[in-house]
Undergrad: 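One structure is given below, represented as structure tokens, and several questions about it will come after.
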Amino acid sequence: MADIYAAQLNPGKLDVVTDWVAKQDWAAELDLKADPIEAVTAYRFDDPAGEVGIEIHIVKSGDQLLQVPLTYRGAPLEGADESFVANMEHSVLGKRWVYAGMGDPLFRQRLDHTIATASTAAKQWRVDEEGNRGEEITDVAHAFGTGPLPGAEDVEVLYRLSPESPAEKSDAGLLLGRWDGQDTNVVLAIMV
């Protein structure tokens, strides 16, 4: 489960997401000035050690749905300079090092685990300034794995999402998701 603080962030998450998307080859034809990035929803994975925040943002630019996985760490990740996105000041946790999810081995491991074990994204809980867990946050995306794909050796995140993807729970090797306003499953990631 993920603990979510009512914290001030500088820069904000949407700013970090926008800056990262603008630098990606797969987003080159998007006109982010005419169609700025807007938040749609998000989901998280658990870090079993409780040290790293693993959050996947679902955003849109115009009609195009995008997915941006990020990790938030309390110290630099050795050997991941190419995946470094930004530093962020968190009013409760202090300085955070933000990495593109696919460049962080923990994200890749948790994504693979969620798909292979047919698990779900982490439940999220509001936490007060003293660290007391309060109510569950339910207005997030529901992401779930469909089980292992025999012979698959890796996982791949889909950065550009298709809300009309014909995926079913019975299709192996997928991470599927849905959220308020998206009643059918969307393919979020695949085993390859």
Side-chain angles (χ1 to χ4, degrees), residues 1-28 32 37 39 41-59 66-117 119-125 127 129 131 133 137 140-141 143 145 148-149 151-161 173-175 177 188-192:
M1 71 187 75
D3 291 336
I4 310 301
Y5 293 90
Q8 298 298 316
L9 303 173
N10 187 23
K13 291 179 184 179
L14 200 57
D15 294 326
V16 171
V17 166
T18 298
D19 289 348
W20 185 81
V21 167
K23 297 173 186 170
Q24 304 311 303
D25 291 340
W26 53 261
L32 298 179
I37 297 280
T41 190
Y43 62 99
R44 289 179 172 261
F45 294 136
D46 278 328
D47 169 14
E51 296 294 321
V52 178
I54 305 171
E55 185 173 28
I56 303 86
H57 300 268
I58 297 175
V59 298
L66 308 170
Q67 180 175 219
V68 179
L70 298 174
T71 59
Y72 310 107
R73 291 176 166 271
L77 177 60
E78 189 174 324
D81 292 347
E82 289 183 15
S83 297
F84 177 75
V85 175
N87 281 117
M88 178 184 283
E89 289 296 327
H90 188 287
S91 62
V92 176
L93 301 175
K95 187 174 184 176
R96 310 308 285 167
W97 282 259
V98 182
Y99 291 91
M102 289 302 285
D104 189 321
L106 180 62
F107 171 78
R108 295 178 74 94
Q109 187 276 330
R110 299 312 299 166
L111 173 60
D112 182 74
H113 171 83
T114 302
I115 295 173
T117 62
S119 298
T120 63
K123 288 189 176 194
Q124 299 181 45
W125 301 91
V127 176
E129 292 175 9
R133 190 172 286 144
I137 302 169
V140 294
L149 178 65
E153 297 178 3
D154 202 358
V155 290
E156 200 173 281
V157 164
L158 303 181
Y159 293 108
R160 297 178 73 118
L161 301 177
L174 300 176
L175 183 71
L188 303 172
I190 58 174
M191 291 182 134
V192 293

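Nothing fancy with the numbering, it's 1 onward along the sequence. Computed from heavy atoms alone, side chains included, the values below leave out hydrogens, waters and symmetry copies.
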Undergrad: Of all heavy-atom pairs between Y43 and A141, which one has the smallest distance, and what is that distance?
TA: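 Nearest pair, atom of Y43 first, then A141: CB-O, 3.8 Å.
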Undergrad: Check whether any side-chain heavy atom of E55 lies under 4.5 Å from a side-chain heavy atom of K13, and answer yes or no.
TA: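 Yes, side chains in contact.
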Undergrad: Can you confirm whether L161 sits close enough to L66 that some side-chain heavy atom of one is under 4.5 Å from a side-chain heavy atom of the other?
TA: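 Answer no - side chains too far apart.
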Undergrad: As a test of understanding, state which of D104, I56, I54, V16 forms a side chain to side chain contact (heavy atoms under 4.5 Å, CB included) with L70.
TA: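 The option that passes is V16.
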Undergrad: Less than 4.5 Å apart, any side-chain heavy atom of W97 and any of L77?
TA: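 SC-SC contact between W97 and L77 ruled out.
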Undergrad: Determine the minimum heavy-atom distance between L188 and Q67, stating which atoms define it.
TA: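 What the structure gives for the nearest pair is O-NE2, 2.8 Å.
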Undergrad: If we only count heavy atoms from C-beta on, is the L106 to T71 side-chain gap below 4.5 Å?
TA: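 Not in contact.
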Undergrad: For the backbone of K95 and the side chain of N87, can you confirm whether one donor and one acceptor N or O come within less than 3.5 Å of each other?
TA: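 No, because the side chain of N87 does not come within donor-acceptor range (under 3.5 Å) of the backbone of K95.
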Undergrad: Would you call the rings of W26 and Y159 parallel, tilted or perpendicular, where under 30° means parallel and over 60° means perpendicular?
TA: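 Geometry flag for Y159 against W26: parallel rings.
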Undergrad: Distance from D15 atom CG to I37 atom CD1, nearest 0.5 Å?
TA: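 It is 11.5 Å, given to the nearest 0.5 Å.
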Undergrad: Quick check: do H113 and S119 have side-chain heavy atoms less than 4.5 Å from each other?
TA: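 Answer yes - side chains close enough.
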Undergrad: Do you know which two heavy atoms are closest between L111 and L175, and how far apart they sit?
TA: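 Reported closest heavy-atom pair: CD1-CD2, 3.7 Å.
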Undergrad: Just by distance, do the side chain of E156 and the backbone of V192 share a donor-acceptor pair under 3.5 Å?
TA: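 Looks like no, no N/O pair under 3.5 Å.
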Undergrad: Do you know the tightest heavy-atom contact between R44 and G53?
TA: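 Scanning both residues, the minimum pair turns out to be NH1-CA, 4.1 Å.
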Undergrad: What closest approach, in Å, do F107 and P69 show between heavy atoms, and which atom pair accounts for it?
TA: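 Closest approach of F107 to P69: CZ-CB, 3.5 Å.
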Undergrad: Can E89 and R96 be counted as an ion pair, charged N to O under 4.0 angstrom?
TA: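 A salt bridge is absent here (no side-chain N lies under 4.0 Å from a carboxylate O).
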Undergrad: Does any N or O in the side chain of T114 come within less than 3.5 Å of the main-chain N or O of G145, such that one atom is a donor and the other an acceptor?
TA: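 No.
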Undergrad: Looking at P148 and A116, what are the two nearest heavy atoms and their distance?
TA: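 So the minimum-distance heavy-atom pair works out to CD-O, 3.0 Å.
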Undergrad: Donor-acceptor pair, R110 side chain versus F45 backbone, under 3.5 Å?
TA: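 No.
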Undergrad: Go through W20 and V68 one step at a time and tell me if the side-chain contact (heavy atoms from CB on, under 4.5 Å) criterion holds.
TA: CA-CA 9 Å; W20 185 81; V68 179; 3.6 Å; yes
Undergrad: Side-chain contact, heavy-atom cut-off 4.5 Å: I115 with L174?
TA: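 No, every pair of side-chain atoms sits at 4.5 Å or beyond.
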Undergrad: Would you say the side-chain atoms of E51 pair up with the backbone N or O of D47, donor to acceptor, closer than 3.5 Å?
TA: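 Side chain of E51 to backbone of D47: no pair is present.
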